[in-house]
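What follows is a short report on a single structure.
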Number of protein chains: 2
Amino acid sequence: MTINLSVRALRAFVVLADCRHFTRAAERCHLSQPAFSQLIRRLEEAVDARLLVRSTRHVALTPEGALFADAARRIVADAEAAIANLRDHAAGRKGRVAIAALPSIAADWLPGLLAQFRTRHPGVTIELFDALSDRCLALVREGRADFALAAPGVNLVEFDTRPIYTDRYYLVCRRDHPLARRRSVRLHELAGCALINLSRSSSVRQHLEPLLRDVPHSSTGLEVEQLPTLAALVASGLGVSLVPELTLFHFRRPELATVLVEAAGLERPIFVVRNKGQSLSAAAAAMLEMIQARAVAKRRDGEGRARRSRRARGS
Amino acid sequence: MTINLSVRALRAFVVLADCRHFTRAAERCHLSQPAFSQLIRRLEEAVDARLLVRSTRHVALTPEGALFADAARRIVADAEAAIANLRDHAAGRKGRVAIAALPSIAADWLPGLLAQFRTRHPGVTIELFDALSDRCLALVREGRADFALAAPGVNLVEFDTRPIYTDRYYLVCRRDHPLARRRSVRLHELAGCALINLSRSSSVRQHLEPLLRDVPHSSTGLEVEQLPTLAALVASGLGVSLVPELTLFHFRRPELATVLVEAAGLERPIFVVRNKGQSLSAAAAAMLEMIQARAVAKRRDGEGRARRSRRARGS
DNA sequence: GTCAATTACGTTCTCCGTAAGGATG
DNA sequence: CATCCTTACGGAGAACGTAATTGAC
């Protein structure tokens, strides 16, 4: 009872129902007339009903045939639409990308990149969640985001991860600070500085805490969540801070200076995080590709800056 | 660019999307696993997109595959519904029959027959137009009726016609009329009778007019449309009339008698009238079949009565 | 006689099942 | 090592095109 209909046969029948002429219908289907005739006959056998009344001179639909022709038209249209839709999605002309990214990344990298993506893939809906690492991972886990751009969280083993960038840390201080004119500083040189911390829940703080244990510094006791607040505190001379490169745009003010901090392990890797064994939609894959290309460019850019810095110091 | 999808392949894909396991899906489709695998591979080639991510251990849908699976489910369901629907119609379990019939036939034959048809084909909608011949033919021509049961109208050549019954004429008179006790009369015996006519537009009148030209009868000048009126006029002693057998139920009153009229050509053929080269729906064909069977029974019945009449008169 | 459908027939291609191969947990 | 998907391959049947046939106007 499991019949096999081919969309081809249905299309042929629709064409025949339209022009009611085997020879012409066969031409339109790029078939010889006998082959076409056989195709229709097999269709009638498959559905086990007479769909057409044929005389050698005229072809007419039976009432059942007319009924079935409507259904066939619907099915053929639906199948063709499904394939067209599928192709659009596969080619990245349609679709949806949902990205979860750390606020710093969302604010620094992504805006320009998303604009570029949109011009290249105008049919794709973009969803962007800017959230802290844990929330980013949760979004991926729940399937609400196709992938995340995040720093290493508590537990990444349940995900597929790939590093795409290593973010470096910068000292943020006032221009009148002793280290402000330096191209770079080493971590131990911060001994004695008054450090303003980010809140304990941030990935930056979690990353820095163990490294700073060896560096004697005077604690300011200040702890903030928002980077603009931090910038204002530093500008007011209450202390200095360490922030990842990606957040530097918060600190581009005339009264502030930013200095690269060099230290082993003082690099924050950024990962692309995805669900294990789950493939990306074409649109998401295209988006990720663009992001990775940008990351590579950024890395080269960073290295260039570093080399230039070393040359400037006359090494 | 004219791709061939088979519903079978789509169904296979749907099954696979449901259980995500080639071996089990193959079993459900009654295929060997390699054949099933090939079927899916060909489907992916046909739509030119990866629908599944296969590892030797796990099978997962790509986002595009999930999208297509929805469409496939829809198409498969639609195709199966279309076939089921078609079969229902072809088997007369569903459908619509529209009959156009002379009022006499509609009132005399059809009611019991339609009730019988309805019990046998409960899913079929029945439409009944009771109208005079010309209107019946118009309904068939317009496709609003599948067939008509009518007397020969002006122009039947445009239709396919088949006689199913020949209606005989009866004299309608009062019981005190000289001919009232007769089993049958010959047309010429009506000479001198006061005849009440039906209106000129009726097929009965058109049929009778030429035959009565040779019979000298006194005209009453009365002309009516409705048979109940005619019955009342005859009952009042204003004259007699000639009416087809099918209308006799109008004249079953204690004060009236009906007598078979014998004359060459004084028979009204009833035709089944259909559009040329247009086939009937299964439901309509079943209905027509029942009607014809009933007509045959009625004819035998009539002949029986006639034979009994002749015997009674001692021929 | 001509047009238009079907039937006949040989070839090609599709599609299946069995058997062997390879990857993953 | 057991599971499970793929590849390989030979055979059966499907499907096409050419040519011949039938039937209606």
Side-chain angles (χ1 to χ4, degrees), chain A residues 2-13 15-48 50-62 65 157-160 275-279, chain B residues 2-48 50-62 65 69 157-160 275-279:
Chain A
T2 170
I3 344 94
N4 187 16
L5 290 185
S6 74
V7 172
R8 219 169 65 90
L10 292 180
R11 189 185 293 115
F13 176 60
V15 170
L16 180 57
D18 284 343
C19 67
R20 298 208 297 286
H21 195 285
F22 274 70
T23 307
R24 275 193 284 279
E27 277 170 19
R28 280 207 226 167
C29 295
H30 311 291
L31 274 175
S32 74
Q33 193 276 325
F36 183 88
S37 192
Q38 199 187 25
L39 187 61
I40 297 296
R41 194 169 53 73
R42 274 197 309 273
L43 176 64
E44 284 186 296
E45 282 168 12
V47 301
D48 191 30
R50 298 196 50 177
L51 301 173
L52 298 157
V53 187
R54 320 124 140 86
S55 72
T56 55
R57 219 59 189 175
H58 290 109
V59 177
L61 287 172
T62 62
V157 292
E158 64 169 310
F159 298 101
D160 263 350
N275 272 327
K276 260 183 180 159
Q278 188 167 309
S279 65
Chain B
T2 170
I3 348 95
N4 187 17
L5 290 185
S6 75
V7 172
R8 216 169 65 89
L10 293 180
R11 188 184 295 116
F13 176 58
V14 167
V15 170
L16 180 57
D18 284 342
C19 66
R20 299 208 297 285
H21 195 285
F22 274 70
T23 307
R24 275 194 285 279
E27 277 169 20
R28 279 207 226 168
C29 294
H30 311 289
L31 273 174
S32 72
Q33 193 277 325
F36 184 88
S37 192
Q38 198 188 27
L39 187 61
I40 297 296
R41 195 171 50 74
R42 273 198 308 273
L43 176 64
E44 284 187 296
E45 282 168 12
V47 301
D48 192 29
R50 299 197 50 175
L51 301 173
L52 298 157
V53 187
R54 318 126 142 87
S55 75
T56 56
R57 220 58 191 177
H58 289 108
V59 177
L61 287 171
T62 62
V157 294
E158 64 169 308
F159 298 102
D160 263 351
N275 272 327
K276 261 184 179 157
Q278 188 168 309
S279 65

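All values reported here derive from a predicted model rather than from experimental measurement. Here is how names work: the chains are called A, B, and so on, in the same order as the sequence lines, proteins then strands, and each is numbered from 1. Side chains are part of it too, since the values below use all heavy atoms of this structure and drop only hydrogens, waters and symmetry mates.
Between A:Ile40 atom CD1 and C:dA4 atom C1' the separation is 15 Å, expressed in whole Å. Here the C1' atom of nucleotide C:dC13 and the CG atom of B:Asn4 are 13 Å apart, to the nearest Å. As rounded to whole Å, 15 Å separates atom P of C:dA4 from atom CZ of A:Phe36. Across the protein-nucleic acid pair, A:Arg42 atom CZ and C:dT14 atom P stand 14 Å apart, rounded to whole Å. Atom CD in B:Glu27 sits roughly 12 Å away from atom P in C:dG17 (whole-Å rounding). Rounded to whole Å, atom P of C:dC13 lies 16 Å from atom CD of B:Gln38.
Summarising the geometry of A:Cys29 relative to A:Ala12, their closest heavy-atom pair is SG-CA, 4.0 Å, with the distance given to 0.1 Å. For A:Lys276 against A:Phe159, the heavy-atom pair with the smallest separation is CE-O, 3.7 Å. The two residues B:Thr62 and B:Arg50 come nearest to each other via the heavy atoms OG1-O, 2.9 Å. In this structure, A:Val59 and A:Arg20 approach most closely via the heavy-atom pair O-CD, 3.4 Å. Pairing each heavy atom of A:Glu44 with each of A:Leu52, the nearest pair is OE2-N, 3.3 Å.
Between A:Phe13 and A:Leu61 there is a side-chain heavy-atom pair separated by less than 4.5 Å. Side-chain contact between B:Asp160 and B:Asn275: absent, with no pair of heavy atoms (C-beta onward) separated by less than 4.5 Å.
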Strictly under 3.5 Å: I want the nitrogen or oxygen pairs between protein and nucleotides 18-25 of chain C, one per line.
residue, atom, partner, partner atom, Å
C:dT24, O4', B:Thr56, OG1, 2.8
C:dT24, O2, B:Arg57, NH1, 3.4

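In summary, contact between chain A and DNA chain D, defined as any nucleotide atom under 4.0 Å from a heavy atom of the protein, begins and ends at D:dA15 to D:dC25 in the 5' to 3' direction.
For the pair B:Arg24 and A:Leu39, both in contact range of DNA chain D, the more 5′-proximal nearest nucleotide belongs to B:Arg24.
Looking at residues two or more places apart in sequence or on another chain, you find no side-chain contact (heavy atoms from CB on, under 4.5 Å) involving B:Ala60.
Counting heavy atoms of neighbouring residues, nucleotides and ligands inside a 6.0 Å radius, atom CZ of A:Arg42 exceeds 12 of them.
Heavy atoms of B:Leu31 sit under 4.0 angstrom from primed sugar atoms or phosphate atoms, though from no base atom.
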